[in-house]
Amino acid sequence: MKITFFSAQPYDKKFFNECNKTFGFDLQFLEVQLNEQTVNVIEQTNAVCVFVNDKVNATVIETLAAKNVSIIALRCAGFNNVDLEAAKKYGIKVCRVPAYSPEAVAEHALAMILTLNRKTHKAYNRVREQNFSLNGLLGFNIYKKTIGVIGTGNIGKAFCKIMLGMGCRVIAFDIIANKEIETLGVEYLPLINVLQQSDIISLHCPLNEQTKHIINQQTIQLMKTGVMLINTSRGALIDTKAVVDALKNVKLGYLGIDVYEQEEKLFFKDLSENIIEDDLIQRLMSFPNVLVTAHQAFFTKEAIEQIAFTTLNSVKILCENKIPENKAILLT
Ligand code: NAD
């Protein structure tokens with residue numbers, strides 16, 4: 001049984017090879033992204049393993065089917081980059097890792113909040129230059145602030161618990177309320193009220209037709225002036241141009257993004273010697289109150305170990321024509 005990995009990084013090889021000692025698959029690691037051009041490099045493989053920026057559209061799936069690939073294994077939770085209808089049409093099984101370590105992403109959202117607020121990144125550089133002044137480092141207490149959470153699934157729920165632990169009022173919007181966190185004190189409100197009342201807004205819903213550009217010029221206008229916006233979910237939840245305008249007119253006080261709508265041309269690559277043609281990301285990175293990380297929220301040892309195990313175990317189960325016990329793993 002051969003699995004071909006696309007967008008494979010050194011850490012993918014390390015963790016998957018280690019985990020594969022108990023599975024014994026033939027693993028092939030390719031650095032290239034899967035798309036309409038690169039799909040043709042596949043030779044005699046049973047499964048492809050893809051990540052967030054691989055483009056698994058209908059054309060790619062048609063070619064995969066022609067090459068007798070029977071499984072697409074996403075080594076991530078989000079699946080907006082895979083045409084599930086096309087996969088169903090060609091009888092290709094699509095699986096994912098629905099929850100590997102929600103705390104990893106939730107904790108990164110907190111890291112972004114604290115960095116933006118307390119400016120530890122600036123303080124680190126400052127003291128190394130023997131500048132011990134505090135000017136420009138003023139923050140605010142997170143304690144008792146109102147935190148708005150959009151999407152309270154695995155990650156949103158973990159994030160709510162962290163923020164409740166910090167003594168915040170946590171309000172949330174989701175199409176399905178979660179009783180467990182409601183009991184803990186999270187208050188579900190309509191989206192409009194969450195946007196209006198929050199000091200910090202954190203996005204944890206998936207990207208789909210309903211949520212694309214959920215943060216746009218109109219919804220930003222509803223927010224408090226000086227609000228902090230955090231996105232560790234998917235880039236296209238935010239209309240980036242609208243957010244740049246809101247940063248320029250100081251409606252938005254802080255922005256922390258681990259994901260970006262056009263990230264597939266940038267993230268997971270070392271472009272330090274290149275000219276970046278994307279003016280929007282360059283503008284974003286020029287603001288002192290913007291923190292960009294390159295889709296690293298999931299990136300903890302525990303999370304990658306779990307991703308590797310769930311992915312290989314799902315492929316094993318599907319090869320045996322069985323159904324994974326956790327229904328959320330199988331998408332087709
Ligand atoms: P999940 O499926 O457990 O939860 C998603 C929640 O969003 C659900 O409660 C769902 O009801 C809610 N939702 C769906 N549509 C909505 C809408 N229109 N408005 C409000 N809420 C809506 O998913 P999760 O594991 O919590 O992950 C959330 C997202 O985080 C993923 O879709 C993925 O895009 C992203 N993610 C990012 C990273 C990273 O490294 N940055 C890692 C993992 C996941």
Side-chain angles (χ1 to χ4, degrees), residues 7 9 11-12 50-54 74-82 84 94-113 148-163 170-182 186 188-195 198 201-216 219 229-238 256-261 263-264 266-268 291-304 306-307 310-311 326-331:
S7 306
Q9 298 287 341
Y11 46 82
D12 292 314
V50 299
F51 197 47
V52 291
N53 292 325
D54 290 301
L74 283 143
R75 53 180 190 279
C76 54
F79 51 89
N80 50 288
N81 52 332
V82 181
L84 296 181
V94 182
C95 60
R96 63 166 179 151
V97 188
Y100 39 88
S101 176
E103 290 76 17
V105 182
E107 288 170 14
H108 190 75
L110 175 66
M112 297 195 102
I113 291 171
V149 183
I150 300 178
T152 53
N154 292 308
I155 296 169
K157 190 171 78 171
F159 179 75
C160 285
K161 287 181 182 172
I162 291 173
M163 300 319 291
V170 182
I171 57 176
F173 170 71
D174 196 309
I175 48 174
I176 308 162
N178 179 298
K179 289 272 166 297
E180 182 197 341
I181 53 171
E182 226 170 1
V186 174
Y188 280 95
L189 293 173
L191 178 62
I192 182 169
N193 301 110
V194 172
L195 297 173
S198 302
I201 297 170
S202 195
L203 307 179
H204 298 289
C205 55
L207 174 63
N208 55 36
E209 275 172 26
Q210 287 76 49
T211 59
K212 185 170 183 202
H213 288 186
I214 194 168
I215 303 299
N216 55 48
T219 50
L229 177 65
I230 303 292
N231 186 10
T232 55
S233 203
R234 282 292 180 266
L237 295 179
I238 289 182
I257 52 169
D258 183 54
V259 285
Y260 170 60
E261 194 166 1
E263 71 176 47
E264 78 267 13
L266 305 167
F267 287 8
F268 310 117
L291 174 64
V292 180
T293 54
H295 212 132
Q296 71 171 78
F298 73 100
F299 199 49
T300 65
K301 180 178 173 287
E302 292 80 357
I304 310 251
Q306 188 62 50
I307 287 171
T310 305
T311 305
N326 179 356
K327 297 277 174 288
I329 288 179
L330 197 57
L331 298 169

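Just so you know, ligand 1 is whichever comes first in the structure, and atom 1 is the first atom listed for that ligand.
Residues Val52 and Asn80 form no side-chain contact, since every pair of their non-hydrogen atoms from C-beta on lies 4.5 Å or further apart. Annotation: side chain of Leu330 is not in contact with side chain of Val94 (no heavy-atom distance under 4.5 Å). For the pair Glu261/His213, a side-chain contact is recorded, criterion being any heavy-atom separation below 4.5 Å from C-beta on.
If you number the atoms of ligand 1 from 1 as listed, the ones under 4.0 Å from a heavy atom of Asp258 come out as 39 (C), 40 (O), 41 (N). Ligand 1 places these atoms under 4.0 Å from at least one heavy atom of Tyr100: 42 (C), 43 (C). Which parts of ligand 1 touch Ala297 is read off a 4.0 Å heavy-atom cut-off, strictly below it: atoms 39 (C), 40 (O), 41 (N). Of all atoms in ligand 1, listed by their number and element, those nearer than 4.0 Å to a heavy atom of Cys205 are 7 (O), 21 (N), 22 (C). Counting the atoms of ligand 1 from 1 in the order shown, those under 4.0 Å from a heavy atom of Asp174 are 6 (C), 7 (O), 8 (C), 9 (O), 10 (C), 11 (O), 12 (C), 13 (N), 20 (C), 21 (N), 22 (C). Those atoms of ligand 1 that come under 4.0 Å of a heavy atom in Gly151, given as number and element, are 7 (O), 21 (N).
The protein does not reach atom 23 (O) of ligand 1 closely, with no heavy atom under 4.0 angstrom from it. The nearest protein heavy atom to atom 41 (N) of ligand 1 is closer than 4.0 Å.
Here's the thing with Ala77: none of its N/O atoms is less than 3.5 angstrom from an N/O atom of ligand 1. Between Asn154 and ligand 1, an N or O atom pair is found at a separation short of 3.5 Å. Considering backbone and side-chain N/O of Gly153, one or more are found under 3.5 Å from N/O of ligand 1. The N/O atoms of Phe298, backbone and side chain alike, include one that comes under 3.5 Å of an N/O atom in ligand 1. Between Gln210 and ligand 1, no N or O atom pair is found at a separation short of 3.5 Å.
Assignment of Pro98 to the shell around ligand 1 is supported, since a heavy atom sits closer than 4.0 Å. Residue Ser233 places a heavy atom under 4.0 Å from ligand 1. The shell of residues lying under 4.0 angstrom from ligand 1, judged by heavy atoms, excludes Phe299.
Distance alone, capped at 3.5 Å, places no donor-acceptor pair between the Asp54 side chain and the Leu74 backbone. Between the side chain of Asp258 and the main chain of Ala297, a donor-acceptor pair closer than 3.5 Å is present. Between the side chain of Asn231 and the main chain of Ile257, no donor-acceptor pair closer than 3.5 Å is present. Checking side-chain atoms of Gln9 against main-chain N and O of Phe268 turns up a donor-acceptor pair under 3.5 Å.
Atoms CZ and CG, on Phe173 and Leu203 in that order, are 12.0 Å from each other to the nearest 0.5 Å. One distance of note links CG of Leu191 with CD1 of Ile214; it measures 5.0 Å at 0.5 Å rounding. Here OH of Tyr260 is found 7.0 Å from CG of Leu266. Values are rounded to the nearest 0.5 Å. Rounding to the nearest 0.5 angstrom, the gap separating the CZ atom in Arg96 from the CD1 atom in Ile307 is 12.5 Å.
The side-chain contact (heavy atoms from CB on, under 4.5 Å) with Tyr188 is formed by just one residue from the set Ile181, Val149, Ile176; it is Ile181.
For atom 44 (C) of ligand 1, the closest non-hydrogen atom on the protein side is Ile155 CD1, 3.5 Å. When hydrogens are left out, the protein atom nearest atom 19 (N) of ligand 1 is Phe173 CE2, 3.4 Å; that is the closest non-hydrogen contact. In terms of protein heavy-atom proximity, atom 37 (C) of ligand 1 is nearest to Thr232 O, 3.1 Å. For atom 33 (C) of ligand 1, the nearest protein heavy atom (residue, atom name, distance) is Arg234 NH1, 3.6 Å. Of the protein's non-hydrogen atoms, Pro206 CD, 3.7 Å is the one closest to atom 5 (C) of ligand 1. From the protein, the heavy atom lying nearest to atom 15 (N) of ligand 1 is Ile175 CD1, 3.5 Å. The protein heavy atom nearest to atom 28 (C) of ligand 1 is His204 O, 3.4 Å.
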Worksheet item: What's the verdict on side chain to side chain contact (heavy atoms under 4.5 Å, CB included) for Asn81 and Asn53, showing C-alpha distance, side-chain angles and the deciding distance?
Response: CA-CA 7 Å; Asn81 52 332; Asn53 292 325; over 6 Å; no
Item to complete: Output, in order, the C-alpha distance, side-chain angles, deciding distance and verdict of ring pair (Phe, Tyr, Trp, His ring centres under 6.0 Å) for Phe298 and Phe51.
Response: CA-CA 12 Å; Phe298 73 100; Phe51 197 47; 5.4 Å; yes
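Of all the heavy atoms of Lys157, none lies under 4.0 Å from any atom of ligand 1, so neither backbone nor side chain is involved. Under 4.0 Å from ligand 1, the heavy atoms of Thr152 that appear belong solely to its backbone. With a heavy-atom cut-off of 4.0 Å, Thr211 touches ligand 1 through its side chain alone.
For Thr293 and His108, the side-chain atoms include at least one donor-acceptor pair closer than 3.5 Å.
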